[in-house]
Amino acid sequence: MMTNEWIDRLRALRVMPVIQIEHAADAVPLAKILVENGLPAAEITFRTAAAAESIRLIRTAYPEIVLCAGTVLTVEQVNAAIEAGADFVISPGFNPTTVKYCLANNIKIIPGVNNPSLVEQALELGVSALKFFPAEASGGVNMLKSLVGPYSQVQLMPTGGVTPLNLGEYLAIPQVIACGGTWIAPTKAITNHDWELIAGNVREVCAMIAQLKA
């Protein structure tokens with residue numbers, strides 16, 4: 001389902017900021033910080049009512065940004081995300097109904113898995129780009145290494161508990177496309193318009209990625 005082009009774009013990013021926006025008016029200022037500080041990407045989670053409008057506003061202001069919708073649980077949310085301008089959707093778990101709907105409608109989806117049975121269900125449907133969630137609570141790097149042993153064809157996006165301290169360990173696994181970074185733009189910092197804090201986090205992670213690539 002996930003084309004090589006999208007995998008390449010995600011792999012080039014290495015980190016996807018995972019963001020919960022309470023007020024849609026904060027979406028464009030946040031996107032500006034991400035773009036101007038070197039990380040033109042955002043996963044806007046459907047954990048608030050502002051998600052779809054935030055995606056719409058960001059897409060309009062920054063057409064070039066890699067923009068996806070996270071915490072997508074239903075077909076209705078899939079449609080709202082894509083209509084708003086999301087490039088693809090990400091779900092925390094593996095819901096066959098949602099996954100099959102996306103496949104049938106040529107919508108890119110990265111569903112969540114954290115064990116061999118869910119990986120096999122995904123592969124059965126032809127989906128190999130998967131979210132490993134919740135990463136740390138599910139065994140972290142050691143669990144991920146165990147999964148890619150028998151399932152070397154999967155491409156994974158670990159999210160949940162990934163921090164600057166363990167980011168390098170996750171990204172060292174060849175099957176890891178990128179990691180979801182919830183620490184980059186905390187909801188409180190967005191609500192308080194603490195743009196300098198977020199900008200600093202973005203610059204820090206970009207420096208880490210550059211060092212890992214060197």
Side-chain angles (χ1 to χ4, degrees), residues 1-19 34 38-45 65-72 87-95 99 102 108-186 201-214:
M1 182 63 196
M2 178 72 69
T3 66
N4 288 333
E5 177 192 353
W6 284 109
I7 290 174
D8 290 345
R9 290 187 73 185
L10 289 171
R11 194 176 285 280
L13 287 168
R14 303 305 274 150
V15 174
M16 170 64 74
V18 179
I19 299 162
L34 295 170
L39 194 57
E43 175 186 329
I44 306 300
T45 65
I65 199 170
V66 178
L67 185 60
C68 63
T71 321
V72 173
D87 296 313
F88 55 96
V89 300
I90 300 178
S91 60
F94 190 85
N95 182 331
V99 173
C102 289
K108 298 176 177 68
I109 182 170
I110 301 180
V113 301
N114 72 343
N115 64 61
S117 296
L118 292 173
V119 172
E120 291 197 15
Q121 287 184 53
L123 294 175
E124 179 82 9
L125 293 178
V127 179
S128 60
L130 305 167
K131 174 179 181 174
F132 178 57
F133 178 83
E136 282 294 288
S138 299
V141 170
N142 288 335
M143 179 61 169
L144 202 55
K145 288 179 177 177
S146 296
L147 281 178
V148 299
Y151 309 115
S152 59
Q153 71 271 48
V154 298
Q155 307 207 58
L156 296 158
M157 183 182 290
T159 304
V162 180
T163 71
L165 296 178
N166 58 24
L167 177 63
E169 292 182 83
Y170 279 104
L171 292 179
I173 300 171
Q175 288 84 359
V176 170
I177 311 167
C179 290
T182 57
W183 79 91
I184 297 169
N201 289 342
V202 174
R203 289 192 295 268
E204 178 186 43
V205 76
C206 287
M208 289 184 65
I209 294 167
Q211 188 172 21
L212 291 170
K213 288 180 177 179

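The analysis underlying the following values was restricted to heavy atoms, covering all of them including side chains, and did not include hydrogens, waters or symmetry mates. Residues: numbered from 1 along the sequence shown.
With contacts defined as side-chain heavy-atom distances shorter than 4.5 Å, the pair Pro17/Leu39 qualifies. A heavy-atom distance below 4.5 Å is not found between the side chains of Leu147 and Val154. A 4.5 Å side-chain heavy-atom check between Cys68 and Asp87 finds every atom pair outside the cut-off. You'll find the side chain of Ser91 stays beyond 4.5 Å of the side chain of Thr71, heavy atoms only. Pro186 places a side-chain heavy atom less than 4.5 Å from the side chain of Asn201. At a threshold of 4.5 Å between non-hydrogen side-chain atoms, the residues Asn166 and Val162 count as touching.
Not counting sequence neighbours, the partners of Pro164 by the side chain to side chain contact (heavy atoms under 4.5 Å, CB included) test are Trp183, Glu204, Met208. Considering only residues two or more places apart in sequence or on other chains, Gln121 meets the side chain to side chain donor-acceptor pair (under 3.5 Å) condition with none of them. Here Gln175 pairs with nothing under the side chain to side chain donor-acceptor pair (under 3.5 Å) rule; sequence neighbours left out. Here Arg203 pairs with Asn37, Glu196 under the side chain to side chain donor-acceptor pair (under 3.5 Å) rule; sequence neighbours left out. For Glu169, there are no side chain to side chain donor-acceptor pair (under 3.5 Å) partners, not counting sequence neighbours.
Atoms CD1 and CG, from Ile110 and Leu130 in turn, are 8.5 Å apart once rounded to the nearest 0.5 Å. Here the CZ atom belonging to Phe132 is positioned 14.0 Å from the CE atom belonging to Met157, to the nearest 0.5 angstrom. For the atom pair OG1 (Thr163) and CD1 (Ile184), the distance works out to 11.0 Å, reported to the nearest 0.5 Å. Ile177 CD1 to Leu10 CG: the interatomic distance, rounded to the nearest 0.5 Å, is 6.0 Å. To the nearest 0.5 angstrom, Leu67 atom CG is 6.0 Å from Ile44 atom CD1. Atoms CD1 and CD, from Ile19 and Glu43 in turn, are 8.5 Å apart once rounded to the nearest 0.5 Å.
In this structure, the side chain of Arg14 does not engage the main chain of Cys179 through any donor-acceptor pair within 3.5 Å. Side chain of Lys213 to main chain of Ala12: a donor-acceptor pair is present (N/O by atom type, distance under 3.5 Å, no hydrogens or angles).
Shown here for Val66 and Arg9, the closest heavy-atom pair between the two residues is CG2-NH2, 3.1 Å. Across every non-hydrogen atom of Leu144 and Pro158, the tightest pair is CD2-CG, 3.7 Å. The minimum heavy-atom distance linking Ala178 with Val15 is given by the pair CB-N, 4.0 Å. Residues Ala41 and Met16 share a closest heavy-atom pair of CB-SD, 3.9 Å. Looking at every heavy atom in both residues, Pro134 comes nearest to Asn114 through CD-ND2, 4.2 Å. When all heavy atoms are compared, the tightest approach of Gly38 to Val202 is N-CG1, 4.5 Å.
Under the side chain to side chain donor-acceptor pair (under 3.5 Å) criterion, the residue pairs touching residues 140-160 are Arg11-Gln155, Glu120-Tyr151, with sequence neighbours excluded.
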Derivation of the side-chain contact (heavy atoms from CB on, under 4.5 Å) call for Val205 and Leu167: CA-CA 9 Å; Val205 76; Leu167 177 63; 4.0 Å; yes

